[in-house]
Amino acid sequence: MLRERVASNIYVFTSELYAQVTAGVIITSAGAIMIDTLAFPSETKQIIQFVEERHNVPIRYVINTHYHADHTYGTFLFEQARVASHALCRELLDTRGRQALELSRRNSREMAPIKLRLPEIVFSVGHFDLHLGGVTLKMWHAPGHSPDMIVCLVEEEDILFAADSMMPLPFFSDGDINDFIRTLESLRDQSFNNVVQGHGEVILRGEVQAKIDEDLHYLHTLQARVEEIVRRGDDPDALSAIGIEQCGKSRIPLNGLVQQLHQTNAESLYWSLRKRDT
Ligand SMILES: [Zn+2]
C-alpha cells in the first residue's frame, strides 16, 4: 500500500493488491474521517494503524462513495465509526452487495472474515455536509459509474475525492454513460486543488480540466462509434474495431486493466442501445 500526503491533514492510500484502488483519510482535532476503504482487510488495517499510531485520533466516520466491493469491503473494520453514503448505496449494498460478498467469502480465504456493514446515515437529495473538527466535507450525488455514486469535497482545501467518477478510464457498465457525461460536465468548470481518483494517481490542480476533457472525449467518441455499429445492425463482434487509443485513451494505466474496462464499456453500451431500439 502506498501513502501520499495531499494536504497537511489529508492522506491518500493506494492499494498495491487490487487495481490501484484508493482510500482517503482526513485528520481533524475531533477525530478522523475515512473516505472509502481498500479491498483487502490487510491493507485497510494498515491505514487504521497509521491513523491511530501517528495521529492518535479515532476514526469517527467512514464514507462509502458507492457500493462496489473494492471500496467498501473494509467498512466492517470500523465498529466504532458511523458510516455514511447515498441512500441508493445502502440499498445496493443490502441486495447486490450482500450476494457478491457471499460469493467472495466462499472463494477467498482473505475475504472470509468480511462482514456486511450497512451505512446508518444516508441522504438522497441535494448535498450532505459533514462538519468535524473544523473540516467541512460536502457530498453530493454523481451517478454514471454506478447509480449510487457520490463525490466528496473537502471545502477548506478544495480537494475533491471523486471516487470512480474519475479514474484512468471512465467505466460505466454498472451505471449510465449519459449520467457520467453530465457528472463530468458539472465537475469540469469547478476549480479543485487536487482530485483524488477512485483508482490511480492523484490529479493536480493544473491537470484537472484536461483530464475531464479527455474523459468526455472518450465517452462521446465511444458512444458515437457504438451507435454507428448498432445503426448498421452489426453483431457485437464489430466492437473489437473500436480501439481504446482511437477514443483518445492510453492502453497502459492500471497495468493494462483499462483495455478490459474499455471492452466491457463497449459491450454494455451496445446491448443497452440494442435494447432501446427493439
Ligand atoms: Zn466502482
Side-chain angles (χ1 to χ4, degrees), residues 12-24 34-41 43-44 62-76 83-101 103-104 111 114 116-119 122 139-152 160-184 187 195-203 211-212 215 218-219 222 249 253-269 272:
V12 174
F13 300 85
T14 306
S15 174
E16 290 175 291
L17 300 176
Y18 182 78
Q20 292 167 34
V21 63
T22 66
M34 176 99 211
I35 300 176
D36 279 343
T37 66
L38 296 182
F40 288 95
E43 287 192 316
T44 303
V62 177
I63 312 297
N64 288 158
T65 60
H66 63 306
Y67 79 101
H68 289 167
D70 48 342
H71 299 260
T72 55
Y73 270 9
T75 316
F76 82 103
V83 181
S85 76
H86 193 274
L88 266 176
C89 173
R90 182 184 157 100
E91 204 179 299
L92 290 168
L93 273 172
D94 204 10
T95 50
R96 292 187 213 168
R98 188 181 288 278
Q99 288 163 10
L101 176 59
L103 261 173
S104 308
M111 300 301 188
I114 297 174
L116 188 74
R117 171 84 189 268
L118 295 178
V122 298
M139 293 166 265
W140 65 94
H141 195 205
H145 169 78
S146 62
D148 61 333
M149 174 66 76
I150 59 169
V151 293
C152 314
L160 183 77
F161 284 85
D164 290 357
S165 296
M166 288 245 227
M167 48 192 278
L169 188 83
F171 183 50
F172 56 82
S173 76
D174 188 31
D176 180 272
I177 188 169
N178 292 311
D179 284 347
F180 216 138
I181 289 170
R182 275 189 291 273
T183 283
L184 288 174
L187 295 176
V195 174
V196 181
Q197 306 193 88
H199 298 257
E201 290 170 358
V202 174
I203 300 169
K211 154 71 179 158
I212 294 178
D215 284 358
Y218 169 79
L219 293 170
L222 179 67
K249 284 287 186 181
L254 303 181
N255 297 320
L257 177 67
V258 288
Q259 284 194 80
Q260 203 182 308
L261 302 182
H262 170 68
Q263 214 178 321
T264 308
N265 277 338
E267 280 164 21
S268 76
L269 186 54
S272 73

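One-based numbering, in listed order, for ligands and for the atoms of each.
A donor atom on one side chain and an acceptor atom on the other are not found under 3.5 Å apart for Asp164 and His68. For the residue pair Asp70 and His199, a side-chain donor N or O sits within less than 3.5 Å of a side-chain acceptor on the partner.
Between Asn265 and Pro170, the shortest heavy-atom contact is ND2-O, 2.9 Å. When all heavy atoms are compared, the tightest approach of Cys152 to Met139 is SG-CG, 3.7 Å.
Around the Zn ion (ligand 1), the protein contributes the following N, O or S atoms at distances under 2.8 Å: His66 NE2, His68 ND1, His145 NE2, Asp164 OD2.
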- From CA spacing to verdict: salt bridge (Lys or Arg N to Asp or Glu O under 4.0 Å), Asp94, Arg90: CA-CA 6 Å; Asp94 204 10; Arg90 182 184 157 100; 5.4 Å; no
- Yes or no on side chain to side chain donor-acceptor pair (under 3.5 Å) for Asn64 and Thr72, after CA distance, side-chain angles and deciding distance? CA-CA 6 Å; Asn64 288 158; Thr72 55; 5.7 Å; no
